[in-house]
Amino acid sequence: MWSFRGAGGARGAEVTQPEVRSDPVGRATRRGGWRAAKVAMRRVARLGRGAVVGLLLAVHAVAAFEPITVGIAIGAATALTGYLSYTDLYCRFAECCREKQPLNASALKLELEEKLFGQHLATEVILKALTGFKNNKNPKKPLTLSLHGWAGTGKNFVSQIVAEHLHSKGLRSNFVHLFVSTLHFPHEQQIKLYQDQLQGWIRGNVSACASSVFIFDEMDKLHPGVIDAIKPFLDYYEQVDGVSYRKAIFIFLSNAGGDLITKIALDFWRAGRKREDIQLKDLEPVLSVGVFNNKHSGLWHSGLIDRNLIDYFIPFLPLEYRHVKMCVRAEMRARGSAIDEDIVTRVADEMTFFPKSEKIYSDKGCKTVQSRLDFH
Ligand SMILES: Nc1ncnc2c1ncn2[C@@H]1O[C@H](COP(=O)(O)OP(=O)(O)OP(=O)(O)O)[C@@H](O)[C@H]1O
């Protein structure tokens with residue numbers, strides 16, 4: 001049984017207004033002084049590490065109008081400065097949940113374009129979905145992505161990249177949670193227990209960090225109904241039992257629908273059309289219906305599809321020979337080796353391709369590239 005993992009969160013600064021004596025003569029000047037001091041202190045908050053500058057400004061501003069309150073200003077600003085450096089220091093050593101941290105969309109785009117091969121649709125949709133969601137200060141529901149495709153086409157790989165852009169420690173982050181169906185929910189007789197555990201886990205972790213990320217791998221091996229336990233969290237509710245799930249992100253990974261995606265990719269190929277011409281509208285509706293009607297998709301007759309709670313069905317196309325070669329080269333670079341085209345060809349030639357007649361798509365995608373490279 002797994003248990004709730006708590007997480008540290010950043011705390012908000014509290015600056016209390018000092019008591020002002022009722023002195024009609026000095027009130028105006030004090031107000032002016034305080035206003036200037038408040039501006040300076042706001043600067044302190046914004047500067048963080050350069051807080052000393054703000055502190056001095058605050059002292060000068062107040063001193064010019066009302067020397068008596070200098071002490072209070074120093075006290076408040078020092079407390080704030082101390083607090084900020086404490087938070088700064090704390091977050092350097094422990095991981096903080098930075099809910100408001102914006103997404104670096106151009107860095108994510110660059111990384112996907114450089115590292116993810118042959119997946120123009122996934123790249124485009126993931127970028128669009130995440131940028132839109134993270135730019136929205138008040139999302140109405142959590143973001144839910146369902147990634148579908150053949151084995152070894154990059155679903156886990158992308159999830160890892162996305163996780164790193166949302167929480168810098170990626171899959172090692174306290175705020176990113178990976179569930180693997182065969183590991184975490186193996187027994188069909190215990191569906192009720194899994195549902196309770198899942199609800200408790202998600203509730204606890206979203207309470208600790210609203211921008212938590214939950215990745216469910218092997219959805220096609222999940223017993224039907226388990227995932228419906230989290231339906232209330234994915235819906236358009238402002239809060240469920242005092243917790244708002246609206247800033248969380250849920251990612252489902254599945255091989256279900258891989259056959260449908262391959263069929264459409266193959267139709268394009270046979271018609272002499274470019275792979276890059278395949279559009280989301282060619283695949284998304286087929287995928288959502290196919291997954292809903294597939295008993296082994298983890299989303300069979302699921303309320304998540306019924307209620308339109310999955311924001312995007314993202315197809316991963318089967319990888320071709322040229323993509324496998326790109327994976328081999330990427331792996332060589334990652335190992336710090338020089339690119340040897342003979343080895344690249346040999347590794348790619350060892351992979352098996354389908355359909356039998358045309359042999360276009362790698363049946364394991366790029367999945368065994370790393371282990372095969374060890375032999376060369
Ligand atoms: N499209 C791709 N571009 C670049 N590398 C890829 C791609 N697909 C797979 N890889 C490489 O192959 C490895 C295995 O792929 P990954 O685990 O992402 O496959 P998957 O789609 O999640 O498969 P499965 O459905 O079997 O879990 C990745 O770690 C990555 O190195």
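Remember, it's 1-based here, ligands and their atoms both numbered in the order they're listed. Hydrogens, waters and symmetry mates play no part in the numbers below; they use all other heavy atoms, side chains included. Residues: numbered from 1 along the sequence shown.
Any N or O atom pair closer than 3.5 Å counts here, and Gly152 shares at least one such pair with ligand 1. Looking at Gln119 next to ligand 1, no N or O pair under 3.5 Å apart turns up. Residue Phe117 has at least one N or O atom closer than 3.5 Å to an N or O atom of ligand 1. Close N/O approach between Asn156 and ligand 1 is found [any backbone or side-chain N/O within under 3.5 Å]. Not one N or O of Gly149 is nearer than 3.5 Å to an N or O of ligand 1, by distance alone. An N or O contact shorter than 3.5 Å links Phe157 to ligand 1 by distance.
By the 4.0 Å heavy-atom criterion, Gly365 is excluded from the residues contacting ligand 1. Judged by the shortest distance from any of its heavy atoms, Leu253 lies outside the 4.0 Å radius around the atoms of ligand 1.
A donor-acceptor contact closer than 3.5 angstrom is absent between the side chains of Tyr245 and Asp235.
Between Leu147 and Asn156 there is no side-chain heavy-atom pair separated by less than 4.5 Å. Taking the side chain as every heavy atom from C-beta outward, Val243 and Phe233 never approach each other to under 4.5 Å. Taking the side chain as every heavy atom from C-beta outward, Phe179 and His177 approach each other to under 4.5 Å.
Salt-bridge formation is not detected for the pair Lys263/Asp259: no Lys NZ or Arg NE/NH1/NH2 atom is positioned less than 4.0 Å from an Asp or Glu carboxylate oxygen.
Counting atoms of ligand 1 from 1 in the listed order, those under 4.0 Å from a heavy atom of Gln370 are 31 (O).
The protein heavy atom nearest to atom 26 (O) of ligand 1 is Lys367 NZ, 2.5 Å. The protein heavy atom nearest to atom 13 (C) of ligand 1 is Cys366 O, 4.3 Å.
The local environment of CD in Glu238 is sparse, with at most 12 non-hydrogen atoms from other residues, nucleotides or ligands closer than 6.0 Å. For Lys141, the NZ atom counts as densely surrounded, since its 6.0 Å shell holds more than 12 non-hydrogen atoms of other residues, nucleotides or ligands.
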